Amino acid sequence: MSRLEGRVALVTGAGRGIGRGVALALAQEGAAVAVADIDADGASETAALLEAQGARARATQADVGTRANCEAAVAAAVEAFGDLDILVNNAAWTPTPGLSLLEFDDATFGRVLETNLWATFWCMQAAHPHFIRRGKGSIINFASGSGTRGTESQGAYAAAKEGIRGLSRVASREWGPDGIRVNIVCPFANSPGMIAWSKGDPASFEAAVAQIPLRRIGDCHEDVGRVVAFLASDDAAYVTGQTMWVDGGSGSVR
Ligand SMILES: NC(=O)c1ccc[n+]([C@@H]2O[C@H](COP(=O)([O-])OP(=O)(O)OC[C@H]3O[C@@H](n4cnc5c(N)ncnc54)[C@H](O)[C@@H]3O)[C@@H](O)[C@H]2O)c1
């Protein structure tokens, strides 16, 4: 199946983990993929992986924590492939180990907001003119059960991720008349970020895994990437403003 043949996608934070899985899934559906990550080597590895499968890919080193860098990442995707149809705001940063609300200083709290909420906003604004020109577009933003649950030691991250869900719902209404769909994915998958969490706080990790109805940890590509490919495709043409829990059912029982 090639549901995304002829489409161009930008995936932020695609140098590893879920972002890499998403990039792979979009490429397997025929999309040309711009791979942006603060980690230049990771971005290059992902692009090489896609190209080895016959896909068109371009790696860009980008720290999405500033407006200028987000605009540059969108511009690089358009320059590489001529246009833009799909934007996946997947990049994220939060301090490890986490901090209680009283431990956060402004700079750290701000950096979490910049690399999650602000980055999503900046990339969406930068992509918007290209979607208008195409007459349609699909945005998939990443949020988290840490936000809906209010996980301890994740104050900035929870605030940023719930901000992303609010921003996405507003965009789905403001931009829907222009054919631009905006959806949210809340995943649970075996990325390096998750592995770091499992090592840093095994008790909370085991507790989270124990409540997954499907009794397994998701795969970045097979489980999360394919759902993003569906949301990006015309199969989801009548779906916008929705939060998709791709977490084995954990969110649905929260
Ligand atoms: N893995 C999960 O189960 C899980 C659960 C809930 C939410 N999420 C969300 O899913 C998304 C992917 O998570 P993951 O687990 O694959 O994360 P990860 O930490 O494994 O990978 C994140 C990627 O983003 C990149 N990145 C970090 N800061 C960046 C910046 N400033 N600019 C550009 N790139 C940057 C990293 O280099 C890395 O390649 C994130 O938005 C995360 O919050 C993941």
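Order of listing sets the numbers, starting from 1, for every ligand and every atom in it. These numbers come from a predicted model, not from an experiment.
- Ligand 1 has no atom lying under 4.0 Å from any heavy atom of Gln154.
- Nearest to atom 44 (C) of ligand 1 among the protein's heavy atoms is Pro187 CG, 3.5 Å.
- Heavy atoms of Ala189 found under 4.0 angstrom from ligand 1 belong exclusively to the backbone.
- The shortest heavy-atom distance from Thr12 to ligand 1 is not under 4.0 Å.
- Short contacts between ligand 1 and Met194, defined as distances under 4.0 Å to a heavy atom of the residue, involve ligand atoms 3 (O).
- In this structure, the side chain of Asn90 engages the main chain of Gly13 through a donor-acceptor pair within 3.5 Å.
- Considering both main-chain and side-chain atoms, Trp93 never comes within under 3.5 Å of ligand 1 through any nitrogen or oxygen pair.
- In summary, the side chains of Asp105 and Thr108 do present a donor paired with an acceptor at a separation below 3.5 Å, with no hydrogens or angles considered.
- In terms of polar-atom proximity, Asn116 is not counted as a contact of ligand 1, lacking any N or O under 3.5 Å from an N or O of the ligand.
- For atom 11 (C) of ligand 1, the closest non-hydrogen atom of the protein is Asn90 OD1, 3.1 Å.
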Under the salt bridge (Lys or Arg N to Asp or Glu O under 4.0 Å) rule, what do Asp63 and Arg111 come out as? Steps first, then yes or no, please. CA-CA 11 Å; Asp63 174 354; Arg111 176 71 178 159; 3.1 Å; yes
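- Counting heavy atoms only, Ala62 comes closest to atom 33 (C) of ligand 1 of the residues Gly42, Ala62, Cys70, Gly13.
- Residue Thr115 approaches ligand 1 through these ligand atoms, each under 4.0 Å from one of its heavy atoms: 31 (N).
- Protein heavy atom closest to atom 34 (N) of ligand 1, with residue, atom name and distance, is Ile38 N, 3.2 Å.
- Residue Phe142 approaches ligand 1 through these ligand atoms, each under 4.0 Å from one of its heavy atoms: 10 (O), 11 (C), 41 (O).
- The backbone N or O of Leu231 lies less than 3.5 Å from no partner atom in the side chain of Asn183, so there is not a single donor-acceptor pair.
- Note on Trp118 and Phe104: same hydrophobic cluster, where clusters join Ile, Leu, Val, Met, Phe, Trp and Tyr whose side-chain heavy atoms are under 4.5 Å apart, directly or indirectly.
- In terms of N/O distances under 3.5 Å, ligand 1 is not approached by Gly17.
- Atoms of ligand 1 lying under 4.0 Å from at least one heavy atom of Ala91, given by number and element, are 24 (O), 33 (C), 34 (N), 35 (C).
- Counting only heavy atoms of the protein, atom 17 (O) of ligand 1 lies nearest to Ser191 OG, 4.2 Å.
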Would Arg3 and Asp234 count as a salt bridge (Lys or Arg N to Asp or Glu O under 4.0 Å) here? Give the steps. CA-CA 7 Å; Arg3 292 181 293 187; Asp234 292 343; over 6 Å; no
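- Polar contact with ligand 1: absent for Ser144 (N/O pair, distance under 3.5 Å).
- Heavy atoms of Arg20 stay at 4.0 angstrom or farther from ligand 1.
- Partner of Asp83 under the salt bridge (Lys or Arg N to Asp or Glu O under 4.0 Å) criterion, out of Arg7, Lys136, Arg134: Arg134 alone.
- Of all protein heavy atoms, the one closest to atom 16 (O) of ligand 1 is Ile18 N, 2.9 Å.
- Contact check for Gln53 versus Leu50: no side-chain heavy atoms found under the 4.5 Å cut-off.
- Under the 4.5 Å side-chain criterion, counting only non-hydrogen atoms from C-beta, Val182 is in contact with Asn141.
- You'll find the side chain of Pro187 stays beyond 4.5 Å of the side chain of Asp247, heavy atoms only.
- By the 4.0 Å heavy-atom criterion, Ala36 is excluded from the residues contacting ligand 1.
- In terms of protein heavy atoms, atom 36 (C) of ligand 1 is closest to Asp37 OD1, 3.5 Å.
- Distance from atom 43 (O) of ligand 1 to its nearest protein heavy atom, with residue and atom name: Tyr157 OH, 2.4 Å.
- Using a 4.0 Å cut-off to heavy atoms of Phe188, the atoms of ligand 1 that qualify are 3 (O).
- Between Ser191 and Cys220 there is a side-chain heavy-atom pair separated by less than 4.5 Å.
- Against a heavy-atom cut-off of under 4.0 Å, Asp63 is close to the following atoms of ligand 1: 30 (C), 31 (N), 32 (N).
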Set out, in order, the CA-CA distance, both residues' side-chain angles and the distance that settles salt bridge (Lys or Arg N to Asp or Glu O under 4.0 Å) for Arg216 and Asp223, then state yes or no. CA-CA 11 Å; Arg216 67 178 178 84; Asp223 293 311; 2.8 Å; yes
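- Between Ala143, Gly193, Ser250, Ala208, it is Ala143 that holds the heavy atom closest to atom 7 (C) of ligand 1.
- The distance from ligand 1 to the heavy atoms of Arg111 drops below 4.0 Å at these ligand atoms: 31 (N).
- A donor-acceptor pair shorter than 3.5 Å can be found between the side chains of Gln154 and Thr94.
- In terms of protein heavy-atom proximity, atom 32 (N) of ligand 1 is closest to Val64 N, 2.9 Å.
- A side-chain N or O of Arg165 and one of Thr243 form a donor-acceptor pair less than 3.5 Å apart.
- In this structure, the separation between CG on Leu113 and CD1 on Ile164 is 9.5 Å, given to the nearest 0.5 Å.
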